[in-house]
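What follows is a short report on a single structure.
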Amino acid sequence: VTGGKGLRATTGGLVVSAGNVKLTAGIASVGAGVTISSDFIHLTDNSKLQLGIASDLQIFHNGTNSVIQDASGGLNVKGAQFNLLNAADSEYIMRAYENSSVDLYYDNNKKFNTAGAGVSITGGVQVSSGGTFGSHNANAAVYYGDGSNLTGIAQGVAGINTTGFSTFKDVSIQGIT
């Protein structure tokens, strides 16, 4: 080892007190728990990759979860297409396309997507207030709320399931031929 200003070799390794270090091959350990090679940077759990003057953006693993944390402003992810996949990289969770749709998946099956005219839903929609839209089950009625305020539908009208409604008053159905 050729020594110069700020460079000395010790039994514990190479010490650089001034200037830069260039590693052309191999692996460098920087302090406890940090390893750098030409292929990766390895940090132990709870060690953080910090970016920004005030370390505003942090990326780390806490031993249980992987965390991307932005302490100021928003976290923007830019791209013409954005895909969110499961840990096995085998199923879509979400896909978003520039100037097009945003698609949400359940068990790798597209269930909800935005479209120019609104949204498209594959399957039924179950509403927490007691209503069901679409074919959530084979005998589903389509109504809003818990059904107690839907009245005026005559029992036995073709195409209208009135099971579970106790009183009936005026109902307007448009667009049915």
Distance check, rounded to the nearest 0.5 Å: [X] atom [atom1] versus [Y] atom [atom2]?
X: Gln69; Y: Gln50; atom1: CD; atom2: CD; value: 9.5 Å
X: Arg95; Y: Asn83; atom1: CZ; atom2: CG; value: 4.5 Å
X: Lys111; Y: Ser120; atom1: NZ; atom2: OG; value: 13.5 Å
X: Ile59; Y: Ser47; atom1: CD1; atom2: OG; value: 13.5 Å

Decide whether Leu49 and Val34 are clustered together by the hydrophobic rule: side chain heavy atoms of Ile, Leu, Val, Met, Phe, Trp, Tyr closer than 4.5 Å, transitively.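 As far as the 4.5 Å side-chain criterion goes, Val34 and Leu49 are connected within one cluster.
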Check the pair Leu75, Leu57 against side chain to side chain contact (heavy atoms under 4.5 Å, CB included), reporting the backbone distance first and the verdict last. CA-CA 9 Å; Leu75 178 65; Leu57 177 63; 4.2 Å; yes
[Y] and [X], any side-chain heavy atoms less than 4.5 Å apart:
X: Glu98; Y: Gln81; answer: no
X: Asn62; Y: Val67; answer: yes
X: Val77; Y: Phe82; answer: yes

Determine whether Tyr106 and Ile93 satisfy the following criterion, side chain to side chain contact (heavy atoms under 4.5 Å, CB included), listing intermediate values before the conclusion. CA-CA 7 Å; Tyr106 177 82; Ile93 296 170; over 6 Å; no
Taking the six-membered ring of Phe60, is NZ or CZ of Lys48 closer than 6.0 Å to its centre and within 45° of its axis?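 Relative to the ring axis of Phe60, which defines the angle, Lys48 lies inside both limits.
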Could you tell me which non-hydrogen atom of Asn113 sits nearest to which non-hydrogen atom of Ser101, and how far apart they are?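 Nearest pair, atom of Asn113 first, then Ser101: ND2-CB, 4.2 Å.
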How about CD1 on Ile121, more than 12 heavy atoms from neighbouring residues, nucleotides or ligands closer than 6.0 Å, or not?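 Enclosed.
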Counting heavy atoms not belonging to His42, are there more than 12 under 6.0 Å from its NE2?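 Not buried by this count: 12 neighbours or fewer within 6.0 Å.
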Using the side chain to side chain contact (heavy atoms under 4.5 Å, CB included) rule, pick out the option among Thr114, Asp103, Val102 that qualifies with Tyr97.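 That would be Asp103; it is the only one of Thr114, Asp103, Val102 passing the side chain to side chain contact (heavy atoms under 4.5 Å, CB included) with Tyr97.
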